[in-house]
S.K.: 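Encoded as structure tokens, here's the structure I'll be asking about.
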Amino acid sequence: MASSKTPRTKTKAKSKTKAKAKAKPTMAQLADKHVLYQGSVQVPEADIAIFDDIFSKIRGRRPMTMREDFCGTAYLSCTWVASHPKRRAIGIDLDRPTLDWGEQHNVATLPPAARKRLQLIQGDVLDGLGDRTELTCALNFSYSVFKTRDLLRRYFETVRERLVDDGVFITELYGGTEAIVELEEERKCKGFVYVWEQARYNPITHDALCHIHYRFKDGSRIDKAFTYDWRLWTIPELRELLLEAGFRKVEIWWEGVDEDGDGTGEYRPTEYEENQESWLVYVVAQR
Ligand SMILES: C[S@@+](CC[C@H](N)C(=O)[O-])C[C@H]1O[C@@H](n2cnc3c(N)ncnc32)[C@H](O)[C@@H]1O
């Protein structure tokens with residue numbers, strides 16, 4: 001019995017080892033979700049060009065100091081300090097591991113002189129940490145984690161308080177008829193497919209649950225790489241809360257379209273637009 005058992009066990013163990021040695025990691029296993037996020041969601045050079053355009057049209061100069069609230073990996077802040085030898089940035093985020101990733105992968109690639117002009121702070125954007133800046137931004141709808149008027153107003157009051165006297169706050173909002181339906185949208189990126197899922201929307205509270213998934217050509221996937229539990233605010237609500245928080249003027253900058261109806265990438269302030277399936281605006285508040 002013993003002699004027949006031993007070889008059988010060995011053979012099994014051998015084939016298991018072989019199978020293990022053969023199993024290559026999937027593309028999903030090899031991927032880094034922050035690299036995927038930066039490559040699919042963020043275009044910091046384009047954001048900075050828009051900030052420069054908006055700020056200089058309002059204030060007649062290019063801003064040199066920027067606070068990036070909800071900075072995540074600080075990709076935008078790093079691009080900011082690299083965009084001009086005098087530019088400074090403060091990035092604020094709650095999440096230590098995400099900031100650490102940004103330090104290792106983004107900050108570390110900056111020349112030492114640019115690194116000195118960047119300060120990353122782990123903290124709550126409600127606490128008003130760091131020096132005053134000319135520009136504060138909160139991109140990719142991150143303020144939508146504040147789900148009550150009181151909390152969002154408090155955040156806007158903090159933003160206003162940490163701006164210099166003629167400072168400007170720029171944030172984004174998305175909407176349109178498709179914003180409140182459950183859907184999955186795919187977009188091809190370099191080496192992977194980005195999937196945006198609007199999983200749930202509650203018309204009573206405007207709570208919106210969204211996920212980002214990533215798919216790869218070997219069939220592997222990262223489901224729910226990022227999940228957002230937001231309140232989908234409206235333009236008038238944001239505007240009212242910013243004014244209540246003490247901002248002097250709040251403009252809505254809408255993207256122009258060419259003759260084929262495609263976005264031009266150029267934004268201008270406006271007071272009337274026809275609704276669309278989906279739109280993304282810059283909400284621009286002057287202190
Ligand atoms: C959607 S990501 C934004 C990443 C990047 N800034 C962008 O524009 O794509 C949201 C980030 O906000 C951070 N966050 C959420 N609540 C926060 C708070 N109260 N204070 C500071 N950071 C917060 C999260 O840790 C997360 O990194």
Side-chain angles (χ1 to χ4, degrees), residues 32-51 54 66-83 89-107 118-130 133 135-162 169-174 179 187 189 194-199 207-214 222 224-233 241 245 280-283:
D32 178 323
K33 70 175 193 170
H34 293 301
V35 172
L36 300 172
Y37 182 87
Q38 291 189 171
S40 55
V41 175
Q42 296 186 282
V43 188
E45 294 81 3
D47 292 325
I48 291 169
I50 287 167
F51 296 166
I54 294 177
M66 179 191 78
R67 167 193 302 271
E68 183 188 7
D69 277 344
F70 310 96
C71 70
T73 61
Y75 187 25
L76 175 63
S77 290
C78 288
T79 311
W80 177 267
V81 294
S83 69
I90 300 170
I92 317 266
D93 201 282
L94 271 183
D95 192 51
R96 186 74 256 166
T98 306
L99 285 171
D100 287 345
W101 190 99
E103 292 271 6
Q104 282 158 27
H105 296 82
N106 293 331
V107 182
L118 170 66
Q119 185 188 11
L120 296 187
I121 303 177
Q122 183 191 1
D124 193 320
V125 296
L126 293 170
D127 290 340
L129 304 162
T133 54
L135 171 69
T136 290
C137 67
L139 296 192
N140 283 310
F141 329 108
S142 306
Y143 59 83
S144 310
V145 293
F146 299 133
K147 290 188 171 189
T148 63
R149 286 176 56 88
D150 282 349
L151 255 186
L152 191 57
R153 191 190 307 102
R154 194 177 131 205
Y155 169 57
F156 290 159
E157 282 166 355
T158 309
V159 170
R160 184 181 170 279
E161 204 271 318
R162 299 319 296 154
F169 174 49
I170 303 182
T171 191
E172 295 166 313
L173 178 67
Y174 75 95
R187 180 160 45 82
C189 297
Y194 160 91
V195 184
W196 171 251
E197 181 189 3
Q198 292 170 190
D207 278 347
L209 183 71
C210 304
H211 307 289
I212 293 177
H213 315 289
Y214 293 104
I222 302 177
K224 299 185 182 169
F226 299 95
T227 288
Y228 304 107
D229 181 4
W230 284 336
R231 169 166 170 179
L232 191 56
W233 291 92
L241 287 168
L280 186 154
V281 294
Y282 287 95
V283 179

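Numbering of ligands and ligand atoms starts at 1, following listing order.
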S.K.: Considering only distance and modelled atom types, tabulate donor-acceptor pairs under 3.5 Å from the side chains of residues 42-51, sequence neighbours left out.
M.R.:
none

S.K.: Salt bridge check, D100 against R96: does any charged N sit closer than 4.0 Å to a carboxylate O?
M.R.: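 Salt bridge between R96 and D100, a charged N being under 4.0 Å from a carboxylate O: yes.
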S.K.: Would you say NZ of K224 has more than 12 non-hydrogen atoms from neighbouring residues, nucleotides or ligands within 6.0 angstrom?
M.R.: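 No, the 6.0 Å shell around NZ holds no more than 12 heavy atoms from other groups.
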S.K.: Mind checking side-chain hydrogen bond (donor to acceptor under 3.5 Å, both in side chains) for E157 and listing every partner two or more places apart, or none if nothing turns up?
M.R.: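 side-chain hydrogen bond (donor to acceptor under 3.5 Å, both in side chains) check on E157 returns nothing, list empty.
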S.K.: Every pair of nitrogen or oxygen atoms between ligand 1 and the protein that is under 3.5 angstrom apart - can you list them with their distances to 0.1 Å?
M.R.:
{"unit_1": "ligand 1", "atom_1": "6 (N)", "unit_2": "F70", "atom_2": "O", "d": "2.6"}
{"unit_1": "ligand 1", "atom_1": "8 (O)", "unit_2": "N140", "atom_2": "ND2", "d": "3.2"}
{"unit_1": "ligand 1", "atom_1": "9 (O)", "unit_2": "Y37", "atom_2": "OH", "d": "2.4"}
{"unit_1": "ligand 1", "atom_1": "9 (O)", "unit_2": "N140", "atom_2": "ND2", "d": "2.7"}
{"unit_1": "ligand 1", "atom_1": "19 (N)", "unit_2": "D124", "atom_2": "OD1", "d": "3.1"}
{"unit_1": "ligand 1", "atom_1": "20 (N)", "unit_2": "V125", "atom_2": "N", "d": "3.0"}
{"unit_1": "ligand 1", "atom_1": "22 (N)", "unit_2": "L94", "atom_2": "N", "d": "3.1"}
{"unit_1": "ligand 1", "atom_1": "25 (O)", "unit_2": "D93", "atom_2": "OD1", "d": "2.7"}
{"unit_1": "ligand 1", "atom_1": "27 (O)", "unit_2": "D93", "atom_2": "OD1", "d": "3.3"}
{"unit_1": "ligand 1", "atom_1": "27 (O)", "unit_2": "D93", "atom_2": "OD2", "d": "2.7"}

S.K.: Taking only residues two or more places apart in sequence, or in another chain, which ones meet S142 in a side-chain hydrogen bond (donor to acceptor under 3.5 Å, both in side chains)?
M.R.: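 So S142 forms no side-chain hydrogen bond (donor to acceptor under 3.5 Å, both in side chains) with any residue.
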S.K.: Of all the heavy-atom pairs spanning L139 and L76, show the shortest one and how long it is.
M.R.: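 In terms of heavy atoms, the two residues are closest at CD1-CD2, 3.8 Å.
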